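Below: one structure, written as structure tokens.
First the proteins, then the strands, lettered A, B, ... as listed; each starts at 1. Predicted, not measured: the structure shown is a model, and the values here were computed from it.
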Amino acid sequence: MNDAKSSNTFRDRRIEKMEAFRRDGGDPYPARVLRSDANRDLQKEFAGLAPDTVAERRAQVAGRIQSIRNDGMFIDIFDGTDRLQLFTDLKTAPPGIKTVLKALDLGDFVGASGRVRRTRRGELTLNVEAMTLLAKALLPPPEKYHGVTDTELRYRKRYVDFLASADSRQILLTRYKLISAVRSFLTSEGFLEVETPILQPLYGGATAEPFRTHHNTLDMDLYLRIAPELYLKRLLVGGVSDKIFELNRNFRNEGLSTRHNPEFTMLEVYQAFADAATMMDLLERMMAFAIESATGATLVKLGDTEIEIKPPFPRLSMIDEASRALGVDFRNESDVAKLRSPVASKLKQEVDKQATWGELVALVFETRCEAKLIAPTHVVDFPADISPLAKRSAADPRIAERFETYCFGMEIANAFSEMNDPLAQRRILERQVEAARHNKDLNKQVDEDFLEALEYGMPPSGGLGVGIDRLAMIAAGVSSIREVIAFPTVRPI
RNA sequence: GAGCGCGUAGCUCAGUCGGUAGAGCACGUGACUUUUAAUCACGGGGUCGUGGGUUCGAUCCCCACCGCGCUCACCA
């Protein structure tokens, strides 16, 4: 893989060309740009223009050269909105235009002005009356037909991927439209977007390995947050608003996969005086709205599988599904000792001796059921012992007031009626820290400040977390999280 | 972390049962000129991922390493 500065005949030729252009009095990187119309707007405005006719209207356009045909007679430019064809009659072109044409290569940015017309072949075209080089590209774009397909190059040099591939751009566009739609949906529902620390002195709100960093002046270790949850709950205590959300980056120092990136975008929503059921309804409406806004349809497709994102989503009981998948009755048998060995033998894997009832249920569910949930599905009946920040069900203390939502076999949302009993929360968090120490993780600490906040009283609230990257994968119909991240984490060479 | 696969021109890819390599696009020169993956002719371009080993000879076989992908594990 050549780096940009290494000797490269393509680059050398372009630099020579640029110097020749300078000698002719041209500026390859002018400061001023004139542009009256975006290509998309012209395409729209002249959609009805008949073939082989010239409009009265003049336009000034700009864009990157995607294709040059007939020695510059036809040039396709792309300006971030749409393509447009430029036409220059080489026989009659004035010297000014010819000087610019001589300097051009694929990938350069040019500006042009002239009359709009539609060619005999039906292509909307600008008859060039003046042309300016706007920015010289020193490196050539990738192959014009196949673009870049080498995955390594695509992820390492995303700018090359995007400039060469409309598909790659479209995927990212879908992601950003989705995010924008999520924000406007929540705002229209009366939620306030808030911000909480990404640099945290203690990490919590999820179980994951954090990234560590250090503040020099305070001489203090800090963690990049693995979740914003504990700070958002402090805001609920403070009563800044009864409905809040944060949509931002979390960081987890775990493995990379097609579904995991070390930094990922998470939405967390909290609503005071509400519960998990409120969140379920909110999530369904939000997903339907966001996906339709981002894609123009409620139907999404991944490979050959097509599903509709349309509320209400079906619900499944995690306990019943796990029981059914393994032929073990988790609902009526809570004695871990009696469950461990049948689970281990049927899953054909070892089961941790410390595993709790809920951990067994979750293990079975994750290995046997999760991947099969293709259409959006809420999984309810979550064991309480794997839900440290959720309230317990009044009907069955083994179960938490919690659900997770799955789609295309991925977990995309997690919600509960938030635990707001400070003493119960303390017992749970202290036990977690103990367990972490048992596993030689000495960094895990109880967040005393969070517990103190709870002691001032947190309103009963529903909370919802949504993996935005995964939602974007669903909207865009891609199977790797890297496709929906502009610059995914890659190993440096 | 484990298994499998991949790495050849700027890009997309062939290929050599071991004798230092080809095509298309892109690039250069010329022709043509209302094309749209423009066309035609000619030409330049390669440490065949890196380092070792086997061999008279390695891009090809073997080993190690680097990078990437997939699957599994990990990851509530």
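Listed by first then second residue, pairs satisfying salt bridge (charged side-chain N to carboxylate O under 4.0 Å, His left out) with a partner in residues 375-393 of chain A read Arg331(A)-Asp381(A), not counting sequence neighbours. For the side chain to side chain donor-acceptor pair (under 3.5 Å) condition, the pairs that include at least one residue of residues 109-120 of chain A, sequence neighbours left out, are Arg117(A)-Asn127(A). Applying the salt bridge (charged side-chain N to carboxylate O under 4.0 Å, His left out) test to residues at least two apart or on different chains, the pairs with a partner in residues 482-493 of chain A are Arg154(A)-Glu483(A). Within the structure, every pair that satisfies the ring pair (Phe, Tyr, Trp, His ring centres under 6.0 Å) test and touches residues 85-117 of chain A, not counting sequence neighbours, is listed here: Phe74(A)-Phe87(A). Contacts classified as ring pair (Phe, Tyr, Trp, His ring centres under 6.0 Å) and involving residues 342-377 of chain A (residues at least two apart or in different chains) are given here: Phe365(A)-Tyr406(A).
Between Arg115(A) atom CZ and rU34(B) atom P the separation is 21 Å, expressed in whole Å. One atom, NE2 of His146(A), and another, P of rU12(B), lie 10 Å apart when rounded to the nearest Å. What separates NZ of Lys91(A) from P of rU33(B) is a distance of 6 Å, to the nearest Å. Atom CZ of Phe87(A) is separated from atom C1' of rA38(B) by 14 Å (rounded to the nearest Å). In this structure, the CG atom of Leu104(A) is 16 Å from the C1' atom of rA26(B), given to the nearest Å. At whole-Å resolution of the value, CD in Gln85(A) and C1' in rU34(B) are 9 Å apart. If you measure from atom CD1 of Ile75(A) to atom P of rU34(B), you get 16 Å, rounded to the nearest angstrom. Counting to the nearest Å, the P atom of rU34(B) and the CG atom of Leu86(A) are 18 Å from each other.
Distance from the side chain of Leu106(A) is smallest to rA26(B) among rA26(B), rC25(B), rU33(B). For Asn70(A), the side-chain atoms get nearest to rA38(B) when compared with the rest of rU36(B), rG69(B), rA38(B). In this structure, the nucleotide among rU34(B), rU12(B), rU33(B) sitting nearest to the side chain of Glu143(A) is rU12(B). Considering only side-chain atoms of Glu152(A), the nucleotide from rG28(B), rC11(B), rG67(B) that sits closest is rG67(B).
At rA26(B), one or more side-chain N or O atoms of Lys144(A) fall inside 4.0 Å of OP1 or OP2 (strictly under the cut-off). An OP1 or OP2 oxygen of rC68(B) is reached within less than 4.0 angstrom by a side-chain nitrogen or oxygen of Arg156(A). The phosphate of rC27(B) has neither OP1 nor OP2 within less than 4.0 Å of any side-chain N or O from Arg11(A). Look at Lys17(A) and you'll find a side-chain N or O under 4.0 angstrom from OP1 or OP2 of rG28(B). Distances shown here put a side-chain N or O of Arg491(A) below 4.0 Å from the OP1 or OP2 atom of rG67(B).
Between Phe251(A) and Ile226(A), every side-chain heavy-atom pair lies at or beyond the 4.5 Å cut-off. When side chains are defined from C-beta on, Leu139(A) does not count as touching Phe10(A), because their heavy atoms never get closer than 4.5 Å. The side-chain heavy atoms of Thr305(A) and Ile374(A), taken from C-beta on, include a pair separated by under 4.5 Å.
Applying the side chain to side chain contact (heavy atoms under 4.5 Å, CB included) test between Val61(A) and each of Leu84(A), Asp79(A), Asp41(A), Val116(A) identifies Leu84(A) as the sole match. Here the rule is side-chain hydrogen bond (donor to acceptor under 3.5 Å, both in side chains) with Asp76(A), and of Lys144(A), Gln66(A), Arg83(A) only Arg83(A) fits it.
Ile15(A) pairs by the side chain to side chain contact (heavy atoms under 4.5 Å, CB included) definition with Arg11(A), Glu19(A), Leu138(A), not counting sequence neighbours. Shown here are the side chain to side chain contact (heavy atoms under 4.5 Å, CB included) partners of Ala137(A), two or more places apart in sequence or in another chain: Arg14(A), Asp108(A). Residues forming a ring-ring contact (aromatic ring centres under 6.0 Å, His included) with His378(A) (at least two apart in sequence, or on another chain): Phe313(A), Phe403(A).
Residues Glu143(A) and Tyr145(A) have side chains that never bring a donor and an acceptor to within less than 3.5 angstrom of each other. In this structure, a donor-acceptor pair under 3.5 Å is present between the side chains of Glu246(A) and Thr196(A).
Separation of the C1' atoms belonging to rU16(B) and rU8(B) is 11 Å when rounded to the nearest angstrom. To the nearest whole angstrom, the two C1' atoms, one in rG44(B) and one in rG10(B), are 14 Å apart.
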Is there a side chain to side chain contact (heavy atoms under 4.5 Å, CB included) between Val110(A) and Leu86(A) once you walk through the steps?
CA-CA 10 Å; Val110(A) 288; Leu86(A) 307 181; 4.1 Å; yes
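In this structure, Arg117(A) reaches the bases: a heavy-atom distance under 4.0 Å links it to at least one base atom across the strands shown. Across all strands shown, Ser67(A) has heavy atoms under 4.0 Å from sugar-phosphate atoms exclusively, and none from any base.
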Dump the pairs, protein N or O against N or O of nucleotides 43-48 of chain B, anything under 3.5 Å, distances to one decimal.
none

Review item, nucleotides 70-76 of chain B N/O atoms under 3.5 Å of protein N/O:
unit_1  : atom_1 : unit_2    : atom_2 : d
rC75(B) : O3'    : Thr207(A) : O      : 3.4
rC75(B) : O2     : His260(A) : NE2    : 2.2
rA76(B) : OP1    : Thr207(A) : O      : 2.0
rA76(B) : O2'    : Glu404(A) : OE2    : 3.3
rA76(B) : N7     : Thr207(A) : OG1    : 3.0
rA76(B) : N6     : Thr207(A) : OG1    : 2.9

Can you check nucleotides 1-9 of chain B for protein contacts, nitrogen or oxygen pairs under 3.5 Å, and list what you find?
none

Given Watson-Crick and G-U pairs under 3.5 Å, RNA chain B in dot-bracket ([ ] crossing, | other strand) is (((((((..((((.....[..)))).(((((.......))))).....(((((..]....))))))))))))....
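Between Asp76(A) and Asp105(A), the residue anchored closer to the 5' end of RNA chain B is Asp105(A), taking for each the nucleotide with the nearest heavy atom. Remark on RNA chain B: of its neighbouring residues Gly147(A) and Met73(A), the 5'-side contact belongs to Gly147(A), judged by nearest-heavy-atom nucleotide.
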